[in-house]
Structures are given as structure tokens and as C-alpha cells.
Amino acid sequence: MSVERLTHLVRDLQPCVVLTGAGISTESGIPDFRSPEGIWARYDPMQYATIDAFLADPVKVWDFYGKRLHVLRDAEPNDGHRALAELEDRGWVSAVITQNVDRLHERAGTRALVEVHGSIRTSSCLDCGTVVPFDEVVQLLEDAPAPACPSCGRVLKPDVVMFGELLPDAAIARASQLASEAGLMLVVGSTLEVYPVAGLPLETLAAGGSLAIVNRGRTPLDGRAALTIDGGAGETLRALAAFLPARR
Ligand SMILES: [Zn+2]
């Protein structure tokens, strides 16, 4: 029933912009670091996830992430990622804004993608600006605890937004524009707790658009949403895509 209702909202409230968080990637085996059982419940993010921690001891931070990198390398897009790419192809989804850094939307085929927290796709040298792709970083990590810049030798920084860093200007500006132009913002797998991304649905609402939320568990904006579905991203989006053939 609720997926049918969601279908009507997507059909009637174009353009539909999707905002995704960690909950869409857990079905691909990528842990949600912020969940009650997540990494940050066991490790202090101040020691491993802040830009200050990285600058103070980049090898320690790489050692922490290096042990988890194989999960990101081996993860495959799931039904949720694939359904969103199909809905974009069919003209029902105009863009996906994601808090995830795992590349799974891109690998599923989403083209209009805004990665507001950056991506593991590349790492960069903070001194000389050399950019190194993910696969090469994985190679470098096989021989050293931290990947060194091939040009100058400084430890590379992954191009993901760490705590204490500003979000990339262009990405957040684009996300904000999409949010304010959306007839419907569909939030998938985000608890809407991390600002400024959590403020994007408010921009949609302020501009007269509507909000739908698919998430396991509650979010602070449930009361403002036209529809909330407490369910899995994969099964819900798969069902939604089945209801929405190509747009005419
Ligand atoms: Zn360099």
C-alpha cells in the first residue's frame, strides 16, 4: 500500500530528487559507521575521522581505514542503487544527492549524481595536488601502511569529507539548488542527523515541495513528510520501479 502511495507522489510531484544515506548501502555489506552498533560506537571518531587527526598522524588514520578498504573495494550495488538508476533512465528521478562515499550509485548507472561528502574514487596530495585513483591507492597500501604521493612522497588524503572539514562548495550548491527545485524530495536510508545535508529536505519544503522518507527507524523530519516508509531501501525502491515504467 505505502509503495503505491509513494508511486503516486513520484508521478504527481515531478521533478523528484533523491537524497540517500548509509542505509541504502548497508544491503551491499557496507557498515553504517554511525549506527548504534557501528564503528563510531567502538572507536572514537575524533581519533580517526577528523581532518585534525589526519593531519596530525595520517599513517594512523590510513591504518584504520586500510583494514576496512577491502569492503568498499568488493561491495556491489544492490537493488536500491539499481532501481534509482532505472528510474533516472525512465525520467522519474532527476538527480541523486548522496552522503555516501562508496561509488555504488555511479557503478549502478546513476548519471546525475551529487556526492556531498566526496568519494573514495580518488585520493589527493595536499602539497602538490596530484590525484590518484582508488585502485592505485589500494595497490600502494599493499606495500606501505599509508599511500604516498607518486610525485612528492607526502601521504595522500582520500577525497572524502572528514569531520571538521567543509563540504565541497560546488556539490553543496548544486544539492541546494536541486532541493529547492524539487517537487518531491525522496529521502532513502538517511536518519537526517548530519548537517548541512539534513537541511536539504527543509529547503524543498520551504520552496513548496513535498517530502517522502524511506528509512529503517525514525528521522527528525517524519512529521513533515507526506509519506514515511519504515522499510528496506532495496525492496522498497525495487517495488517502486516496478510501478513506474518509462515516462511518457
Ligand atoms: Zn604530492
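First listed ligand is number 1; within each ligand, the first listed atom is number 1. Not measured: the values here are computed from a predicted model.
E235 meets the side chain to side chain contact (heavy atoms under 4.5 Å, CB included) test with R216; sequence neighbours excluded. Listed by chain and residue number, F54, L55, R154, K157 satisfy the side chain to side chain contact (heavy atoms under 4.5 Å, CB included) test with L126 (two or more places apart in sequence, or in another chain). Every side chain to side chain donor-acceptor pair (under 3.5 Å) that S176 has, sequence neighbours left out, goes to E203.
Side-chain N/O atoms of T228 and D222 include no donor and acceptor closer than 3.5 Å.
Taking distances strictly below 2.8 Å, the protein N/O/S atoms close to the Zn ion (ligand 1) are C125 SG, C128 SG, C149 SG, C152 SG.
Residues L140 and L72 share a single hydrophobic cluster, defined by chaining ILVMFWY side chains whose heavy atoms lie under 4.5 Å apart.
With salt bridges taken as basic N to acidic carboxylate O contacts below 4.0 Å, none links E115 and R103.
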